[in-house]
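Here is how names work: the chains are called A, B, and so on, in the same order as the sequence lines, proteins then strands, and each is numbered from 1. Computation of the quantities below employed the complete heavy-atom set of this structure, encompassing side-chain atoms and omitting hydrogens, waters and symmetry-equivalent molecules. Since the structure is predicted, the reported quantities are computational estimates derived from the model, not experimental observations.
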Protein chains: 2
Amino acid sequence: MNKKSSSPKSERILDVAEELFAMHGYDGVTLRQIATGAGVDVALASYHFGKKMDLFNAVFARRAGELNESRLSALRQCQERAGKKGPTVEQIIEAFLRPLEIAQETGDEGWTNYLALIAYVNNSPYWGEKMMSKLFDKLVLEFIAALRTALPDARDEDLYWCYHNLSGALTLTLAQTGRIDKLSGGKCRSSDFQAAYDHMIPFTAAGFRKVCGGKGKG
Amino acid sequence: MNKKSSSPKSERILDVAEELFAMHGYDGVTLRQIATGAGVDVALASYHFGKKMDLFNAVFARRAGELNESRLSALRQCQERAGKKGPTVEQIIEAFLRPLEIAQETGDEGWTNYLALIAYVNNSPYWGEKMMSKLFDKLVLEFIAALRTALPDARDEDLYWCYHNLSGALTLTLAQTGRIDKLSGGKCRSSDFQAAYDHMIPFTAAGFRKVCGGKGKG
DNA sequence: AAGCATATTCAACAAGCGTTGAATTAGCAA
DNA sequence: TTGCTAATTCAACGCTTGTTGAATATGCTT
């Protein structure tokens, strides 16, 4: 077990597990469903990844590095463009969100599933704290630092609560629950990520400005 | 099965199921865990509620009516107070959120668990659409109608997306993932509901104003 | 082609699952 | 007390689960 190999079947196990875990959660998926979906024997998942929980962790960690890099790169890029005065709240939030939208719209369904899985973990009272922090806290604190610079009058506590609200709005978008579809009678589609992010950016930016001061920048 | 009785043990089954389902989700909980937690035999749950899914539905529906009533009553009350000109965005959002905060802070742990369960369902791609709509859409549309009156220039589509962001921020708060605790190094606690709602109201209200027009009311 | 490590399947296990029918207890009416 | 009904437990079922050890296939090196 715990081989670092990446045979084609091994990748397909990860892909199918990603999709099913995102949809039904950890306990809602059996190794046999995953194996069947990947077209392999049940024992192969154990051979490559060990216990079921190890497979879950492997799925969760697989794309984390790439995601963090693309978000951090987006932040650095907008910071360089802004020069000495630093980027605006909108620009920082855009750097935080757009890489996700792009990942969801590349046509690579795997990324959409992976982000839905993040939503599942982030919203889970049981898994949330333990699993998210390890992989994403460093990056998030980087963004919060940028926001602190853009909102110099902000109290630290307020900054964190505002991030919490941003994170919640984002999480629900990643989960694609389809609730907005039914509620709006078809006017909004949860699969229309561009519309979701286009609305989320000004919405959350205005929230940050209101709660964290910045009267001069309205 | 499907008896309408409410013996003391029957209620305890619902209470324990509520807590465990909220924590681990539908598939993460076994009837035997619930029975053990409630101090009864495993067959008793089936006797009172039928299949496992029926028990889940019973838990989910038990407090829905009371919750809807208290929220609707809060809305009507703030509408009466506001008189002819109608309530502000902040007042409407406050009516939407405060009943939840109160429920979480009555000391009755059951309500906290129930709201965490709502968060679980609302964020689930699989359960979200089917289960939430039936019980809560009517009330939500009532609030959106009130917001439409307070923001007369808003496009309907924008109104729904803004509600989506509000719903996301709220959902993450209800789930109490503890992520904000670790992230802020203890400056924010996810169990401090008052702080959460005190920040959420101005945050989301500013978002609605920004996205849905209302320049004259800023 | 022979050898060897890796990859994959096969077969089976013990444990736990939801569910059910029969047996037992508790609560209440006559 | 005697019934009768609802509430609860007991015991067991067929099935699925995660996991593992042995057997087979595959691919690469020599």
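- Summarising the geometry of B:H24 relative to A:D27, their closest heavy-atom pair is O-OD2, 4.1 Å, with the distance given to 0.1 Å.
- Of all non-hydrogen atoms in A:L20 and A:V29, the two that sit nearest each other are O-CG2, 3.3 Å.
- Contact check, A:Y47 against C:dA7: a side-chain N or O comes under 4.0 Å of OP1 or OP2.
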Atom pairs under 3.5 Å, N or O on each side, protein against nucleotides 11-17 of chain C: can you list them with distances?
unit_1: C:dC17; atom_1: OP1; unit_2: B:T30; atom_2: OG1; d: 3.2

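- Counting to the nearest Å, the P atom of D:dT17 and the CG atom of A:L55 are 15 Å from each other.
- Between the NZ atom of B:K9 and the C1' atom of D:dT8 there is a distance of 7 Å, rounded to whole Å.
- The A:L44 side chain lies nearest to C:dT8 when the options are D:dT19, D:dA6, C:dT8.
- If you check the side chains of B:T171 and B:N123, you find no donor sitting under 3.5 Å from an acceptor.
- Using a 4.0 Å cut-off between charged nitrogen and carboxylate oxygen, A:E142 and A:R76 count as a salt-bridge pair.
- Rounded to a whole Å, the CZ atom of B:F56 is 16 Å from the C1' atom of C:dG18.
- Going from atom NZ of A:K51 over to atom P of D:dT19 covers 5 Å, rounded to whole Å.
- Annotation: salt bridge (Lys or Arg N to Asp or Glu O under 4.0 Å) contacts of B:E105 (sequence neighbours excluded): none.
- In this structure, CD1 of A:I34 is placed 15 Å from C1' of D:dT16, rounded to the nearest angstrom.
- Of all non-hydrogen atoms in A:S190 and A:F193, the two that sit nearest each other are O-CE2, 3.8 Å.
- The distance from atom CZ of B:F49 to atom P of C:dG18 is 15 Å, rounded to the nearest whole Å.
- When the side-chain nitrogen and oxygen atoms of A:H48 are compared with OP1 and OP2 of C:dT8, one or more of them lie within a distance under 4.0 Å.
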